[in-house]
Each structure stands twice: as C-alpha cells, then as structure tokens.
Amino acid sequence: MRILVCISHVPDTTSKITFNSDHTEFNQSGVQFIINPYDEIALSRAVELVEGTDGTVTVINVGDASTEPTIRKALAAGATDAVRIDAAPRDAWFVAKQIAQYASEQSFDLILTGRESIDFNGSQVAALVGELLNIPSVSIVKKFDIQDRDITIEREIEGGKEVLSTQLPVILGTAEGVAEPRIPNMRGIMSARTKPLQVLPAVDVPTLSTISKYESPAPRGQVAMVDDVEQLVNLLHTKAKVL
C-alpha cells in the first residue's frame, strides 16, 4: 500500500501570536513550529498500516525551506520519504491544488490529512483534494479499517456517529481516536537525516481570495465574584445585559 500524508507546519499552541504593524501578516519571530497535531494522528495511522509490509508512507508539505525541520520530524516518526512543494501556503485552495497535482502523477492507495490545521482551522483541504482527484473524501474521521480494497469509515456527526463504506483510493481528514501520535526514537531521528526529501516547484494557481487583515481576540474581562443568586441576577441584568 502506498499512502500519502499531508502535513502542515503550524505554530506551537504555547506560542504567543502577534502580527505586523498593519495586521496583514503573521509575525514568525520567536515562534516555535510543530507538525499540525491532527496531521500527526494521520501520520501515526499511516505508519501503523504499513508496518511489517512493503508499503510506503510519503509525507507532503507546501512551504518554503523553513518547514524542512518539521518535515524531518515526520520522517523521524516513521515516514518513508517526503516531498516539499516550494511555495508559501497562501490558502487552502492553493495547497489543495499543489497536493492534487503531485498525487495525480503518482499511484497512492490512500491519502490522509488532519481534520483541520490548528492555525487557520479551515477543514477544507481534504474535500478540495478529493474533488480535484475525483475520489471520495471523508472528514472528521474517528476510525477506519481496510480489508483488501474496501474501507469502512466511522466519522463524527452532530449527536452521534456515521459509518460509511467505500473503496480505495480515498482521502480522509482524521480526528482524535484514529491513532496516538508517535514520539520518534533515537533510531528514527538518526535515519530521518538520510531519508529522501524531494523539493518540487509549485504549479500556477489563480488567486481566488486574499486575507485583508488579522485581528487578535479581545482580552478577557475581569472576573466578578458573587455571593448569592440575587446579586448574580442583578449583574446579568445591569452589566451583562443578557436578562
């Protein structure tokens, strides 16, 4: 089985997020970057699927050279090889077009992404790639099992779960429960240094949208301690104005 895992290079959740003076660009100074946590889940499941077989796991990232340490972490976690599309990932449509272009020239049985990236939380790439490749796509996947070319998928829906069945090839956006993220061991870290990392130019994609401005969330207000229900009701009526 040949598996393609799409990984994003995202700020660590503990990083302080700031923007430039006109709020049009993210300030990367002093920010620690990691593999998108949902993509780590996808990668771990992919490695599980090929363990003990002649299958391969290729990771793909759309980004400039600064993302290569993150890609090497994916190789250390068990990926066979990697591809970096040499371009800034300006939006989900651009990223999906790059992934689909590469995948269309290969013969992958399964493509995995995380359910979303934790920086933009768009949840768009899996569906877009599926449409571009004309293969089934399923998002918010909590579990899946493969038997020959048949795949059974369990996905999260509001108030419950949905069980689907289809055939490979397919692209899945994975969520918690699919696998536990792997911590690379020393052997994996050492071998990652010599695993193939191919750098490819980006294909031209028309710009359909641009980000005009970023805004930080409003600071949290002060916490008011109340002693009884009457005081709480009064505050909700006079200050919060929700009653």
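Numbers here are sequence positions counted from 1.
- Side chain of Lys195 to backbone of Ala82: no donor-acceptor contact under 3.5 angstrom is found.
- If you chain together hydrophobic residues whose side chains sit under 4.5 Å apart, Leu172 and Leu49 fall into the same group.
- Applying the 4.5 Å side-chain rule to ILVMFWY residues, one finds Leu4, Ile60, Val62, Val83, Ile85, Trp93, Phe94, Val95, Ile99, Tyr102, Phe108, Ile111, Val125, Leu128, Val129, Leu132, Leu133, Ile135, Ile171, Val203, Val205, Leu208 in the same cluster as Leu200.
- Residue-environment remark: NE2 (His23) exceeds the threshold of 12 foreign heavy atoms within 6.0 Å.
- When atom types are taken as modelled, the side chain of Thr152 and the backbone of Asp145 share no donor-acceptor pair closer than 3.5 angstrom.
- Within the 3.5 Å criterion, the main-chain N or O of Thr238 finds no donor-acceptor partner in the side chain of Asn234.
- In this structure, Arg45 contributes its side chain and Phe144 its backbone to a donor-acceptor pair below 3.5 Å.
- Between Leu43 and the options Thr174, Val59, Leu75, Ile3, a side-chain contact (heavy atoms from CB on, under 4.5 Å) holds for only Val59.
- Arg187 CZ: 12 or fewer foreign heavy atoms inside a 6.0 Å radius.
- Between the Arg115 side chain and the Glu176 main chain, no donor and acceptor come within less than 3.5 Å of each other.
- Apart from Met186 itself, the hydrophobic cluster it occupies contains Met190, where clustering links Ile, Leu, Val, Met, Phe, Trp and Tyr at side-chain heavy-atom distances under 4.5 Å.
- A continuous path of ILVMFWY side-chain contacts below 4.5 Å connects Phe19 to Phe120, so both sit in one hydrophobic cluster.
- The 12-atom threshold is not exceeded at NZ of Lys143, counting heavy atoms of other residues, nucleotides or ligands nearer than 6.0 Å.
- Heavy-atom neighbours of Gln147 CD from other residues, nucleotides or ligands within 6.0 Å: at or below the threshold of 12.
- Between Gln106 and Arg2 there is a side-chain heavy-atom pair separated by less than 4.5 Å.
- Judged purely by atom type and a 3.5 angstrom limit, Asn36 uses its side chain to pair as donor or acceptor with the backbone of Ile118.
- Side chain of Thr80 to main chain of Thr58: no donor-acceptor pair is present (N/O by atom type, distance under 3.5 Å, no hydrogens or angles).
- At a cut-off of 3.5 Å, with distance as the only test, a side-chain donor of Asp64 or Ser66 sits close to an acceptor on the other residue.
- Around atom CG of Asn134, no more than 12 heavy atoms belonging to other residues, nucleotides or ligands sit under 6.0 Å away.
- A salt bridge links Glu162 to Arg155: one of the charged nitrogens lies within less than 4.0 Å of a carboxylate oxygen.
- Ring orientation note: the planes of Phe33 and Phe26 are nearly perpendicular, at an angle over 60° on the 30°/60° scale.
- Taking a 6.0 Å sphere around CD of Glu51, one finds it holds more than 12 heavy atoms contributed by other residues, nucleotides or ligands.
- Thr18 and Asn27 share a side-chain donor-acceptor pair at under 3.5 Å.
- Residues Gln32 and Thr14 form no side-chain contact, since every pair of their non-hydrogen atoms from C-beta on lies 4.5 Å or further apart.
- Proximity of a side-chain donor or acceptor of Lys239 to a complementary backbone N or O of Leu236 within less than 3.5 Å is not detected.
- In the hydrophobic clustering of ILVMFWY residues, with side-chain heavy atoms under 4.5 Å counting as a link, Ile211 and Val10 come out apart.
- In this structure a side-chain-to-backbone donor-acceptor pair under 3.5 Å is present from Arg72 to Ala192.
- Side chains of Ile17 and Pro11 form a contact here, defined as non-hydrogen atoms less than 4.5 Å apart.
- You'll find the side chain of Thr53 stays beyond 4.5 Å of the side chain of Met1, heavy atoms only.
- Within the 3.5 Å criterion, the main-chain N or O of Gly114 finds a donor-acceptor partner in the side chain of Asp39.
- Enclosure of atom CD1 in Ile183 is not indicated, since only 12 or fewer non-hydrogen atoms of other residues, nucleotides or ligands lie within 6.0 angstrom.
- Using a 4.5 Å heavy-atom threshold, the side chains of Val170 and Leu110 count as touching.
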